[in-house]
4 protein chains.
Amino acid sequence: MANKTAPDASRRSERSRRAIFDAALSLVGEVGYDKLTIEGIASRAGVGKQTIYRWWPSKAAVLLDAFTQDVEGYEAGLPDTGDLAADLKFVLRATADEFNDEKWQAPYRALAAAGANDAELSARFVERLLEPGIAVYVNRMRAAQEAGEIGPEVDVRVAAEMVLSPFSQRWLMRTGELTYAYVDTLVDMVLAGLRPRASA
Amino acid sequence: MANKTAPDASRRSERSRRAIFDAALSLVGEVGYDKLTIEGIASRAGVGKQTIYRWWPSKAAVLLDAFTQDVEGYEAGLPDTGDLAADLKFVLRATADEFNDEKWQAPYRALAAAGANDAELSARFVERLLEPGIAVYVNRMRAAQEAGEIGPEVDVRVAAEMVLSPFSQRWLMRTGELTYAYVDTLVDMVLAGLRPRASA
Amino acid sequence: MANKTAPDASRRSERSRRAIFDAALSLVGEVGYDKLTIEGIASRAGVGKQTIYRWWPSKAAVLLDAFTQDVEGYEAGLPDTGDLAADLKFVLRATADEFNDEKWQAPYRALAAAGANDAELSARFVERLLEPGIAVYVNRMRAAQEAGEIGPEVDVRVAAEMVLSPFSQRWLMRTGELTYAYVDTLVDMVLAGLRPRASA
Amino acid sequence: MANKTAPDASRRSERSRRAIFDAALSLVGEVGYDKLTIEGIASRAGVGKQTIYRWWPSKAAVLLDAFTQDVEGYEAGLPDTGDLAADLKFVLRATADEFNDEKWQAPYRALAAAGANDAELSARFVERLLEPGIAVYVNRMRAAQEAGEIGPEVDVRVAAEMVLSPFSQRWLMRTGELTYAYVDTLVDMVLAGLRPRASA
DNA sequence: AGTTAAGCGAGACGGTACGTCCGGTCTTACC
DNA sequence: GGTAAGACCGGACGTACCGTCTCGCTTAACT
């Protein structure tokens, strides 16, 4: 795969890297993904085009790095108060706030869209942004399962997706608002089906 | 909004319209959405570029029309055998087959992606492709609700999304295969939460 | 040559013909010859494009007709006071005024230029505009020749061109002003060579 | 005036410059000026369109540079045998040969025509092609004037134009052939008026 | 007076070229 | 050797006109 002699990362300019990220994020917010250009990023960052091409294969890759850079390490806390429904609602409400934040919209939408048409990018997007987000829910549900709040036969990954996918789909396709009420309804409906079967 | 004097639709060339649709669909399958160009469509269709620009604002709009044209009226049948789980699995398996069909992939992915970055297009995409697909499930669930299979307090729209969104999200983000087994699990898990509450 | 069945001139719309001439002349003055378009003429004239294409082969042809229409019959008077130099200066001064008139500049320049690249148009331009103008001088010189003011061996056509060509060349190429002083000098210098040789 | 940041001429590709000139000259000969296109030149030259637009404002400007490049330095020799008439006839005959050469026709006509409608281009055309040609005659005549062959009161510039303008006008407007006989007649007639006045 | 066919205004059409923008590569000079 | 700068080839953009072609409509000329 690596045909051209790989660049020497140790000599890389940190200043340029940061400037490129800043430029990419601010530009995608201003002009949208479609009108985001490598030349535009280079110009805004005060950087030569080649410096971008040397380190990234496409504007989507730049944006992905810029964006993950910005959000890395956010998945630290997931509360476990013992009340699964309450915990899920708490986290999902926070996520709703995030998704409703204008700053996130443009780059996140752009990456989701770019991923749809580019399998390789999609994989990295999923791995670095989507999966860590899902893992939070999966882990909390697994704990609940061990605590007996959720039936042992339940596939918690599918369960997590039952909460997260309707939520993110609504947002991505703009089919509805992400309100706290919606979030609560969604969590309640999903959990209703996960309770251990009446052992009687 | 419409600033330029609108073209006279009654004089429109049906032959050109069809040729453009055919060209757009075949090209998007061959080269992918990003490399799909208006010039390419015009050339393949044997049509002047202006004829495309006269009737559509973007390649995404062309593709949406081409695609809906192609699939219109497909949502005729939704079985009601009295067994909700069986019916949903049946339809969702068919939908899985459709989504796994190469022919659908390119244009559908392209439209979903284009919609993410273009609210207006998104609205038309949702209205003409997404909603009719969802309606099938909502209607069947409403019937089940009236038959007492589903609790009366259930929001069937959210319930339908609990089935459909994880499914389409998997496909769009390529986070998993759309197998019959997955489909069955998903339906079962959702329905588990919808059953009427144990009578008091 | 006449391949398409010729249009029936008897049914021709005089109103449209005039409107086209007016539009062509006013437009060439406003936007220049290069940006003069058939569509622009048609639109300004309130006329269908086909009506222009039916009667003229090119915008240059339209302009030529429009222009000659405008100036036809102007070559009526050529004075003969018996003093050749005075008469030539008188006419040439008037011509200078004409050439210095802004209204003439654009269409006349345009036609001269178009003629340079189009032999057929050139022929009509010469025949309908250039030659009649030259004839005035040739005729007056021939009269002078018969009166003995000019030597009998002189080719009056060439003599006329010796006056007119430097004059029009200056104007066309913008190599100098067309002043009365220049005109007078030119006439005097040419006539100096035409006088009958000292018979002695 | 120079609004866009000017390109860096020191980095200019000499190879491209030459290729553009070759392409422009060969194409104008093949298809004529009206059908000469920037795209055509770029394609024939194996050059991006932008490379043309970066350095020239119009096809006429390209052609002018291409043409002057081709002919620069040709005005070296002007004979002075002591016989003015003979010398002028000699040079003008050579010029007639040149003007009758097909290779010259297209670009020269094109430039003359383009100049008629574009004052700025005209100025450069005159300065770089027309004036050097005229200067040859003016200089020779001035020498003759100093030698007493021409009257001291004669404006040699006007005299030169009396020879050259009828000549080039004939060619440009196609009103007559440029034969040796015509050339000789013209020179003789002009010189007849320039001789010093009978002393006394 | 009624019929008919041509000219007409309008403008959609298949094309070509415009002049601009940007992609990705390459070169130059600097650090 | 990475970098800022930017010229280069290529190719698509969206626009403007070309010249051709219908489409109804007017409007003369010929039954």
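Below, read A as the first sequence line, B as the second, and so on, with proteins coming before strands; counting in each chain starts at 1. Because the structure is predicted, anything quoted here is derived from the model rather than measured.
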Undergrad: Could you state the CD1-C1' distance from A/I41 to E/dG23, rounded to the nearest angstrom?
TA: 13 Å
Undergrad: Salt-bridge test for A/D65 and A/R128: reply yes if a basic N is under 4.0 Å from a carboxylate O, no otherwise.
TA: yes
Undergrad: Could you check how far CZ of D/R17 sits from P of F/dC9, rounded to whole Å?
TA: 14 Å
Undergrad: What is the minimum heavy-atom distance between B/A23 and B/S26, and which atoms define it?
TA: O-OG, 3.1 Å
Undergrad: With a 6.0 Å cut-off (strictly less than), is the heavy-atom count around CZ of B/R15, excluding the residue itself, greater than 12?
TA: no
Undergrad: Please give, in whole Å, the distance from F/dG2 C1' to A/W56 CH2?
TA: 13 Å
Undergrad: Please give, in whole Å, the distance from F/dG2 C1' to A/Y53 OH?
TA: 18 Å
Undergrad: Working to the nearest 0.5 angstrom, can you tell me the gap between B/K103 NZ and B/Q105 CD?
TA: 12.5 Å
Undergrad: Scan nucleotides 2-12 of chain E nucleotide by nucleotide, 5' to 3', and note B when protein non-hydrogen atoms come under 4.0 Å of the base, S if they reach only the sugar-phosphate, - if neither.
TA: ---BBSBBB-B
Undergrad: Above 12 or not: heavy atoms from other molecules or residues under 6.0 Å from CZ of B/R12?
TA: yes
Undergrad: Identify which nucleotide among F/dG14, F/dC18, E/dA17 has an atom closest to any side-chain atom of D/T37, counting heavy atoms from C-beta outward.
TA: E/dA17
Undergrad: Taking CG from A/L36 and C1' from E/dG23, how many angstroms apart are they, rounded to a whole number?
TA: 13 Å
Undergrad: By a strict heavy-atom criterion of less than 4.0 Å, which residues belonging to residues 18-34 of chain A are in contact with DNA chain E?
TA: none
Undergrad: Could you check whether A/R124 pairs with A/E127 (Lys NZ or Arg NE/NH1/NH2 to Asp/Glu carboxylate O, under 4.0 Å)?
TA: no
Undergrad: To the nearest Å, how far apart are D/I38 CD1 and F/dC9 P?
TA: 14 Å
Undergrad: How close or far is atom P of E/dG19 from atom CD1 of D/I52, stated in whole angstroms?
TA: 11 Å
Undergrad: If you measure from CZ on A/R17 to OG1 on A/T51, what distance do you get to the nearest 0.5 Å?
TA: 13.5 Å
Undergrad: Looking only at heavy atoms, what is the nearest atom pair of C/N117 and D/A113, with distance?
TA: ND2-CB, 3.4 Å
Undergrad: Quick one: which residue pairs count as a ring pair (Phe, Tyr, Trp, His ring centres under 6.0 Å) with a foot in residues 13-65 of chain A, not counting sequence neighbours?
TA: A/F21-A/W56
Undergrad: Rounding to an integer number of Å, can you tell me how far C/K59 NZ sits from F/dG19 C1'?
TA: 14 Å
